[in-house]
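These notes concern the structure reproduced below.
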Amino acid sequence: MDANTPSQRLAGKRVAVLMTDGVEQVEYVKPREFLEQHGAIVTLISPKNAGEHVQAVRQSEPGDSFRVDLDIREAKEEDYDALLLPGGAANPERLRRSPEALRFIKAFADELKMIAAICHGPALLIDAGVARAKHLTSWPSLHRALEEAGAEWSDEEVVIDGRLITSRNPGDIPAFNDAILKSLEIDPEVADTGPSS
């Protein structure tokens with residue numbers, strides 16, 4: 001298969017993207033494109049009504065807007081295999097005011113489902129009660145808050161702690177996407193079955 005041929009390595013996998021106004025556009029668009037190219041079904045979930053739009057940013061400038069597929073109040077963790085938390089400084093600040101958003105994130109952690117958070121996205125792991133005793137990375141300004149929440153923080157392009165994947169910034173997206181792909185290819189139901197009889 002050449003580099004331009006889409007694969008179906010993630011066919012049947014469903015990925016929720018939780019975001020709102022102020023999301024960093026490239027941290028949503030590039031992972032979504034990557035996931036869809038590999039056959040995953042991606043749903044944009046927000047504390048906004050389905051059909052409304054999320055306003056993205058390109059660094060500090062206004063970016064494009066993206067149509068919401070599902071209101072967080074109607075979203076159920078069991079409908080998805082993984083959760084993507086893009087960054088953008090304002091996006092997690094707004095999401096942390098949504099109890100439904102924080103419950104949704106915690107449900108993925110409780111069920112040992114993959115959570116991938118990039119840049120400012122890992123800030124939500126603090127509010128959802130997921131950061132403690134985890135090895136994480138993030139946008140550098142978050143490292144103190146993550147450590148105060150009980151996480152171990154490293155300045156690396158991608159950090160994987162079980163089913164939790166974190167990266168620092170848009171420059172890390174290729175490594176971030178690759179880690180997501182590999183994690184989603186592992187079926188948690190059969191990954192640790194022990195020796196066969």
Side-chain angles (χ1 to χ4, degrees), residues 15-38 40-48 50 52-72 75 80 82-98 100-102 104-105 108 114-128 130-131 134 136-146 149 151 153-161 164-181 183-184:
V15 180
V17 183
L18 179 59
M19 66 189 219
T20 193
D21 295 332
V23 67
E24 184 64 46
Q25 181 163 321
V26 69
E27 294 170 7
Y28 164 62
V29 171
K30 290 298 183 184
R32 179 170 188 149
E33 287 175 352
F34 178 86
L35 289 163
E36 290 180 337
Q37 285 168 359
H38 288 285
I41 299 165
V42 181
T43 303
L44 195 170
I45 299 172
S46 180
K48 295 188 169 198
E52 292 184 347
H53 285 79
V54 167
Q55 178 62 52
V57 297
R58 293 189 185 99
Q59 298 181 338
S60 59
E61 299 299 318
D64 297 331
S65 65
F66 299 94
R67 186 181 182 278
V68 174
D69 296 316
L70 188 64
D71 185 321
I72 186 62
Y80 303 95
L83 174 62
L84 174 63
L85 300 173
N91 169 52
E93 286 301 316
R94 292 182 170 118
L95 286 175
R96 71 197 328 170
R97 299 178 204 148
S98 165
E100 295 86 2
L102 299 179
F104 191 64
I105 295 166
F108 278 82
M114 194 204 80
I115 301 173
I118 188 168
C119 199
H120 288 83
L124 289 162
L125 303 176
I126 298 171
D127 295 270
V130 176
K134 298 296 183 183
L136 306 171
T137 193
S138 67
W139 186 254
S141 65
L142 291 177
H143 90 270
R144 187 177 301 277
L146 286 164
W153 189 90
S154 295
D155 184 11
E156 300 176 58
E157 65 177 1
V158 64
V159 172
I160 302 168
D161 186 337
L164 191 57
I165 298 166
T166 50
S167 283
R168 302 168 301 184
N169 59 55
D172 298 335
I173 288 173
F176 184 64
N177 285 346
D178 188 55
I180 292 170
L181 177 65
S183 181
L184 277 173

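Keep in mind that the numbers below use all heavy atoms, side chains included, and drop hydrogens, waters and symmetry copies. Along the sequence shown, the residues carry numbers beginning at 1.
Within 6.0 Å of CH2 on Trp139 lie no more than 12 heavy atoms contributed by other residues, nucleotides or ligands. Atom CD of Gln59 has 12 or fewer neighbouring heavy atoms from other residues, nucleotides or ligands inside a 6.0 Å radius.
Counting heavy atoms from C-beta outward, Tyr28 and Leu44 have side chains that approach closer than 4.5 Å. Residues Leu181 and His38 have side chains in contact (heavy-atom distance under 4.5 Å, counting atoms from C-beta outward). Two residues are said to be in side-chain contact when any heavy atoms from C-beta on lie closer than 4.5 Å; Glu100 and Pro47 fail this criterion. Side-chain contact between Lys30 and Pro174 is absent, with no heavy-atom pair separated by less than 4.5 Å. The shortest distance between side-chain heavy atoms of Val15 and Leu184 falls below 4.5 Å. A heavy-atom distance below 4.5 Å is found between the side chains of Leu125 and Leu85. Between Ile45 and Asp69 there is no side-chain heavy-atom pair separated by less than 4.5 Å. By the 4.5 Å heavy-atom criterion applied to side chains, Val29 and Phe66 are counted as neighbours.
Across Arg97 and Glu93, no two heavy atoms sit closer than the pair NE-O, 3.5 Å. For the residue pair Pro92 and Ala89, the shortest heavy atom distance occurs at CD-O, 3.7 Å. Of all heavy-atom pairs between Val23 and Val54, the closest is CG1-CG1, 4.0 Å. The minimum heavy-atom distance linking Phe104 with Ala75 is given by the pair CE1-CB, 3.7 Å. The two residues Arg67 and His53 make their nearest non-hydrogen contact at N-CD2, 3.5 Å. The shortest non-hydrogen separation linking His143 to Ser138 is N-OG, 4.1 Å.
Residue Leu146 holds its CG atom at 13.5 Å from NZ of Lys134, rounded to the nearest 0.5 Å. Atom CZ of residue Arg94 and atom NZ of residue Lys48 lie 8.5 Å apart, to the nearest 0.5 angstrom. Atoms CD and CZ, from Glu24 and Arg58 in turn, are 9.5 Å apart once rounded to the nearest 0.5 Å. Remark: Tyr80 OH to Met114 CE distance equals 14.0 Å, nearest 0.5 Å. Interatomic distance, Ser46 OG to Ile72 CD1, rounded to the nearest 0.5 Å: 8.5 Å. Annotation: the span from Ile165 atom CD1 to Asn177 atom CG amounts to 10.0 Å, rounded to 0.5 Å.
With Ile180 as reference, Leu35 is the one residue of Val158, Ile160, Leu35 to meet the side chain to side chain contact (heavy atoms under 4.5 Å, CB included) rule.
Thr137 contributes no side-chain N or O that, together with a main-chain N or O of Ser167, makes up a donor-acceptor pair within less than 3.5 Å. The main-chain N or O of Gly87 is found under 3.5 Å from a side-chain atom of Glu27 such that the two form a donor-acceptor pair. A donor-acceptor pair under 3.5 Å is absent between the side-chain atoms of Asp64 and the main chain of Gln25, judged by distance alone.
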